[in-house]
Amino acid sequence: FFFFFFSTRDPRTMSSLQLNQTESFVFKDLFKQVAKGSEHIDAGTAVVFLRKSGLDDTALHKIWDLADRNAVGMLDEWGFCTALKLIALAQNGHDIALEHMSAPTPVPNMGDVTKVMMDKIKEQQAQRRESVSGTDQWLIAADEKSKYDSVFKQLEPDANNRITGKKARHVLMNSKLPKETLGRIWELSDMDHDGMLDDCEFAVAMHLVYKCLEGGELPAVLPESLVPPSRRPKSVPADTAAAAAATAPAADQWVVSAEEKKTYDGFFRSADKDNDGLVKGQEVMTIFMSSKLDKTTLAHIWNLCDVNKSGTLNSEQFALAMHLISQKVKGVDVPAELNANMIPPSLRKPQDAGPPLPARSHDTAADKSPAASIPVASQSGDVDGARAELSQLKQLKTQKEAELKQTQQTQQAVGNDLSAVKQQVLNERKAIEELQQQLNKQQSDQKSQEAELQKITSELKSLTAEEAKLKQQLTAGKAELQRVLAKLNQLKQEQAKVSSSVQRLTHVKGKIDATVNVYKNATPAQQSTSPWG
């Protein structure tokens with residue numbers, strides 16, 4: 001219940017896609033940029049964009065399965081926004097799961113594209129702060145307040161429209177902000193210090209939570225633009241000053257309440273780096289400047305609270321300064337000088353002490369002479385006037401010295417900031433040089449790899465040509481083998497024929513030899529009687 005409903009329900013899980021105002025704006029705008037007028041983003045385009053998150057392919061594959069709810073190989077607006085929210089969860093240490101979609105996270109880091117959009121949002125927020133500054137308008141817009149109210153109602157406020165600290169704590173802890181930060185958010189939001197939050201205080205707390213999640217810093221005191229208009233005190237007209245004075249608290253009561261003092265003591269301890277019980281202007285400048293009050297007003301508040309003109313403030317003086325800053329932010333003017341009930345208790349003088357007597361170094365003879373008792377009424381007026389002027393000049397001198405000291409402290413602080421910025425510039429340059437060296441090495445490695453690839457490609461071409469040649473030779477060999485085999489078969493057939501002829505001739509020869517033998521063995525009577533025989 002901590003976030004706002006953005007679109008329709010998922011047909012698989014029936015859980016709502018819950019995005020805050022910044023996420024909704026960024027995600028929808030990114031969808032328009034990537035989809036380029038289409039209602040869907042194809043897988044190839046989506047993969048190229050989602051890889052800008054820097055997550056590995058295993059995580060992105062899991063995110064794709066959850067976002068592509070219908071397994072169609074493309075993302076609609078719901079699926080794209082779901083993917084971005086899941087990426088934000090993964091980048092901030094959460095498990096990639098739809099049940100964790102309600103966890104508060106910054107917008108996902110998608111490189112320059114999200115940085116440009118966040119800068120644009122911050123610029124718009126700054127413009128809005130400037131537009132409402134000094135007016136009765138509230139920095140929290142109506143639609144934003146409406147969404148906070150829907151969350152507030154789910155927390156079941158009591159009959160007085162308030163929620164307890166326990167209920168609010170559960171919501172605030174879901175943001176996973178540090179407990180110290182959440183404690184400061186509570187102190188700023190619980191404006192009446194009753195330990196509970198009404199709907200306006202809850203809206204302020206939620207606004208500050210999202211401001212921290214987006215990388216913003218908490219103010220030391222709640223700026224006027226965040227104070228609900230109904231809680232801002234009205235300026236007191238001049239003709240009612242007397243009535244206001246009549247109802248002012250007693251002189252022995254301090255204007256800083258115990259609750260305020262406890263809160264401001266926390267800021268004092270964080271500013272008192274050397275733990276000497278005192279803070280200098282440069283130590284609290286950041287805290288004072290976060291109120292967005294002009295430097296003249298802040299200098300005047302410092303001069304009022306630095307009662308002893310020591311250039312430092314103790315915890316009571318610091319609490320008084322914070323009280324005056326808070327009152328000014330709410331519209332109450334800073335007094336020209338401290339009233340009796342404003343002076344810190346430890347710096348108040350006893351009421352019965354009476355005015356201090358002028359010190360006398362020694363009695364002279366002239367003081368004791370009769371001439372010392374001669375009236376000098378004609379000169380007393382000039383002497384009193386000169387003394388009054390001298391006193392004013394001393395006060396002016398003290399004030400100017402304090403202003404000069406404050407200016408010097410501010411200048412020193414600016415110088416420290418400048419040195420820090422210069423150091424950051426040097427660090428950035430060094431980082432850029434290292435990145436350039438890495439880039440050069442990568443480019444050199446890439447060239448070597450490209451040369452090796454070209455060599456391997458050439459060798460592959462040679463091997464491919466050799467393979468083709470061998471295949472041709474193999475084909476020719478096979479054809480020659482077939483021819484030889486055919487010739488062999490032919491010779492075998494001829495051999496068979498010759499063998500058959502030889503056998504036949506042998507058989508005939510045998511018959512002839514037999515006939516010859518028969519003839520040779522015949523009797524003389526059987527032999528021829530021819531005379532030629």
Side-chain angles (χ1 to χ4, degrees), residues 12 34 36 38 40-76 79 83 96 438-533:
R12 293 186 300 170
V34 180
K36 297 181 180 179
S38 175
H40 297 85
I41 301 175
D42 63 84
T45 304
V47 167
V48 172
F49 180 78
L50 296 181
R51 278 181 173 167
K52 294 181 179 180
S53 64
L55 298 179
D56 57 61
D57 287 347
T58 302
L60 291 176
H61 181 75
K62 186 175 182 180
I63 290 172
W64 179 271
D65 289 343
L66 294 173
D68 185 13
R69 52 184 174 177
N70 297 322
V72 294
M74 60 181 63
L75 298 180
D76 57 8
I96 301 174
Q438 294 178 6
L439 177 60
N440 294 338
K441 185 176 183 301
Q442 289 179 353
Q443 290 176 345
S444 177
D445 293 343
Q446 182 179 356
K447 289 181 180 179
S448 299
Q449 292 172 354
E450 289 176 352
E452 184 176 359
L453 176 61
Q454 186 176 2
K455 180 180 178 181
I456 294 174
T457 303
S458 178
E459 292 178 356
L460 178 61
K461 288 181 179 179
S462 300
L463 292 174
T464 303
E466 183 68 20
E467 181 185 12
K469 182 178 179 181
L470 291 175
K471 285 182 178 180
Q472 291 177 355
Q473 293 177 354
L474 178 61
T475 302
K478 287 181 178 179
E480 181 66 20
L481 177 61
Q482 292 294 329
R483 188 182 64 79
V484 170
L485 291 174
K487 184 67 174 177
L488 179 61
N489 290 332
Q490 183 181 357
L491 292 175
K492 285 182 178 181
Q493 292 175 0
E494 291 178 355
Q495 182 183 12
K497 289 179 180 180
V498 171
S499 296
S500 178
S501 297
V502 169
Q503 289 177 358
R504 188 169 32 94
L505 292 174
T506 302
H507 179 68
V508 172
K509 180 180 181 294
K511 286 181 177 182
I512 293 172
D513 289 341
T515 302
V516 171
N517 289 332
V518 172
Y519 176 76
K520 285 180 179 182
N521 294 327
T523 59
Q526 292 176 332
Q527 295 182 351
S528 176
T529 59
S530 171
W532 307 102

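- Under the 3.5 Å distance criterion, the side-chain polar atoms of Thr475 are matched with a main-chain donor or acceptor of Lys471.
- Within 6.0 Å of CD in Glu452 there are 12 or fewer heavy atoms belonging to other residues, nucleotides or ligands.
- Separation of atoms CG (Leu488) and CZ (Arg483) is listed at 12.0 Å; rounding is to 0.5 Å.
- In this structure, CG on Asp65 lies 10.5 Å from CD1 on Ile96, to the nearest 0.5 angstrom.
- One distance of note links CG of Leu453 with NZ of Lys447; it measures 16.0 Å at 0.5 Å rounding.
- Going from atom OG of Ser458 over to atom CG of Leu463 covers 9.5 Å, rounded to the nearest 0.5 Å.
- Within the 4.5 Å cutoff, no side-chain heavy atoms of Asn70 are placed close to those of Asp76.
- Pairs engaging residues 505-517 under the side chain to side chain donor-acceptor pair (under 3.5 Å) rule: His507-Lys511, Lys509-Asp513 [sequence neighbours left out].
- The two residues Gly73 and Trp64 come nearest to each other via the heavy atoms C-CZ2, 3.7 Å.
- Using modelled atom types, no side-chain atom of Asp445 and backbone atom of Gln449 make a donor-acceptor pair closer than 3.5 Å.
- The number of heavy atoms from other shown groups lying within 6.0 Å of CD (Gln454) does not exceed 12.
- Here the closest non-hydrogen pair linking Leu50 and Leu60 is O-CD2, 3.9 Å.
- When all heavy atoms of Ala67 and Gly79 are compared, the closest pair comes out as CB-O, 3.2 Å.
- Note that CG of Asn489 and CD of Gln493 are 6.5 Å apart. Values are rounded to the nearest 0.5 Å.
- To the nearest 0.5 Å, atoms CG (Asp56) and CZ (Arg51) are separated by 10.5 Å.
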Inset, instruction - Evaluate the criterion side-chain contact (heavy atoms from CB on, under 4.5 Å) for residue pair Lys487 and Val484; output intermediate values, then yes/no. - result: CA-CA 5 Å; Lys487 184 67 174 177; Val484 170; 5.5 Å; no
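- In this view, Glu450 and Gln446 satisfy the side-chain hydrogen bond (donor to acceptor under 3.5 Å, both in side chains) rule, not counting sequence neighbours.
- Panel note: side chain Ser499, backbone Gln495; a donor-acceptor pair is recorded below 3.5 Å.
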